[in-house]
Amino acid sequence: MSDLQPARGTHDILPDEMRGHRRVIDTARAVAERYGYDEMATPIFEFSRVFKRTLGDTSDIVTKEMYSFTDKGGDEITLRPENTAGVARCFMSEGLAQNAPVRLFYAGPMFRYERPQKGRLRQFHQIGIENIGTPGALADIEVIATGAHILDALGVRDRTVLELNTLGDGESRDAYRAVLVEYLQTRIGELSGESRERLTRNPLRILDSKDEGDRRVVADAPIFSDYLNEASQAFFAEVREGLDALGIAYAINPRLVRGLDYYSHTAFEFTTEALGAQGAVMAGGRYDGLIGMMGGSPTPGVGWAAGIERLAMLCGDPPPARRPIAVVPVGDAARIPALTLSEGLRRAGFRVDMAAGGNLAKRMKRANKIAAVAAVILGEDELARGSATVRDLQSGTQEEAPLASLADRLARYR
RNA sequence: GUGGCUGUAGCUCAGCUGGUUAGAGCACCGGAUUGUGGAUCCGGGGGUCGUGGGUUCAAGUCCCAUCAGCCACCCCA
């Protein structure tokens, strides 16, 4: 039994759930397309250094969540824990800088070695967009608007809140970090052990700590916005102005931080209360430093990623499957004619299920069970007349129709 | 990675302080109905009680371990 279970934190996506995923992906892709995004895909695994260099040596993802292994050729490989690094790598190795700015949409599985919970899996799926090569705040606004639009289209927007913050540019962040560390040093005794470690590696993260002692210390900490230089303030102001103009509500959350240096300016998250502890549904921001850090020529970028499972959960019951037409042969002589009829209807665009086995009653039962919209009954009587009986399984009414015009008769069931 | 809760049929669950062949509803299969489904009635199949060990005359029930899920922390999508 246990070795027949899917590995921890993974699960099979059966047709019902798959339709839920499909709805999220298809909706997102269609909306993103209106904003100029084209779908692409990067490999599911990359050389480990792509993520290590990109996510930093201190991030949780790199230190404890990567699925890494050495392949038979001795290469260090990692299953992608997120896709921005892969897209950035692709941007460079495929020479996309020639076409910059590029707008890319993706959907696919990601892998993180975490302790599973509802809405948190080891293999999960994300959709995301990346706008690479566009520097201004307008791009940030539009990226957020694309996300908001997708949440609208999925009908879940009213259950989410947009949290917004700015990380400023590098200069502002360096200035603030220095002041912050200086302040925290004076109260280091009150910090949690974890935060003491973060003090050297990742001090901004302390602002987001949920430890009570940390929070008391953080409450009196210098305020980041006081250290934003003029350019950073102007950038953030424009982002807010744009969101206001588009009627996209947001809540400024000064504790919304990103630990990594290549992030700058806009950071945002659409969160929800409806999913328990896993509240983040769509998260993103600006990563102007990323491509430079990976060895490319400095190129700005903005984007977000969203969890398909989480969005699908918010959406509720998946749409029902398309209802088929059941072709029901009666008697041996009808078998082959029913087969060719089925094939013809499929060529004409219908979803067709041909019942086999059992008597007519059994086949009708089956037709009912698979939620067929109609049954096309083909027996010797009909064959002799070159027709078929079409029974509407909703109303129970039926009529005979010539085979030649059957597809037209069935048109409303397509 | 830490702490807590849970694990009985495909699904939802019952099974009292350990005590005969482990039950129900739904679902599934067959029949009533060999050219007509949904309703009803009758019948049937299906469980190594998550797994492994231990205690006991006796374990679904108690103990330990392990696996998985869930909840919180952590982190995030």
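To find a chain, count down the sequence lines: A is the first, B the second, and so on, and within it residues start at 1. Computed from a predicted model, the values in this text were never measured in an experiment.
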| task | Determine the Euclidean distance between corresponding P atoms of C29(B) and G37(B); express it in Å to zero decimal places. | result | 16 Å
| task | With the side chain of Gln5(A) defined as its heavy atoms from C-beta on, choose the nearest nucleotide among G35(B), A68(B), U2(B). | result | A68(B)
| message | Checking contacts here: which listed nucleotide (G35(B), U36(B), C73(B)) is nearest the side-chain heavy atoms of Arg120(A)? | response | C73(B)
| message | Applying a 4.0 Å non-hydrogen cut-off, can you work out what Met110(A) is touching in the nucleic acid: base, sugar-phosphate, or nothing? | response | nothing
| In terms of the angle between their ring planes, are His265(A) and Phe235(A) parallel, tilted or perpendicular, with boundaries placed at 30° and 60°? | parallel
| Between Glu114(A) (CD) and C74(B) (C1'), how many Å, whole number? | 9 Å
| Separation of Arg363(A) atom CZ from G35(B) atom P, in whole Å? | 10 Å
| request: Calculate the interatomic distance between Leu393(A) atom CG and G37(B) atom P; express it in whole Å. | output: 11 Å
| Quick one: Gln123(A) CD to A77(B) P, roughly how many Å, whole number? | 17 Å
| said: Measuring only the C1' atom in each nucleotide, how far is A14(B) from C49(B)? A whole number of Å is fine. | reply: 13 Å
| Nucleotide nearest Tyr113(A) when distance is taken to its side chain, options G1(B), G37(B), G35(B) | G1(B)
| task | State which of C28(B), U36(B), C76(B) makes the closest approach to the side chain of Lys369(A). | result | C28(B)
| task | Return yes if a side-chain donor-acceptor contact under 3.5 Å exists between Tyr67(A) and Gln123(A), otherwise no. | result | no
| N/O (side chain, Gln398(A)) to phosphate O (OP1/OP2, U36(B)) under 4.0 Å | no
| field | Between C1' of G37(B) and CG of Asn368(A), the distance in whole Å | value | 5 Å
| query | Between U2(B), C76(B), G35(B), which one does the side chain of Arg115(A) approach most closely? | reply | U2(B)
| message | Please tell me if Arg8(A) has a side-chain N or O lying less than 4.0 Å from either OP1 or OP2 of G69(B). | response | yes
| request: Measure the CZ-OG1 distance between Phe236(A) and Thr166(A) for me, rounded to the nearest 0.5 Å. | output: 5.5 Å
| task | Look at Glu343(A) together with Arg347(A) and state whether they make a salt bridge at an N to O cut-off of under 4.0 Å. | result | yes
| field | Nucleotide nearest Arg391(A) when distance is taken to its side chain, options G37(B), A77(B), C28(B) | value | G37(B)
| field | Out of G35(B), G37(B), C75(B), whichever nucleotide has its closest atom nearest the side chain of Asp381(A) | value | G35(B)
| message | For Tyr37(A) and Phe105(A), I'd like to know if the aromatic rings sit close, meaning centre-to-centre distance below 6.0 Å. | response | no
| Looking at G35(B), G38(B), A77(B), which one has an atom nearest to any side-chain atom of Phe124(A)? | A77(B)
| query | Is the shortest side-chain N/O distance from Lys362(A) to OP1 or OP2 of G37(B) below 4.0 Å? | reply | no
| remark: Between CD of Gln117(A) and C1' of C5(B) the distance, given in whole Å, is 13 Å
| Whom does G1(B) pair with, Watson-Crick or G-U wobble, provided both distances fall under 3.5 Å? | C73(B)
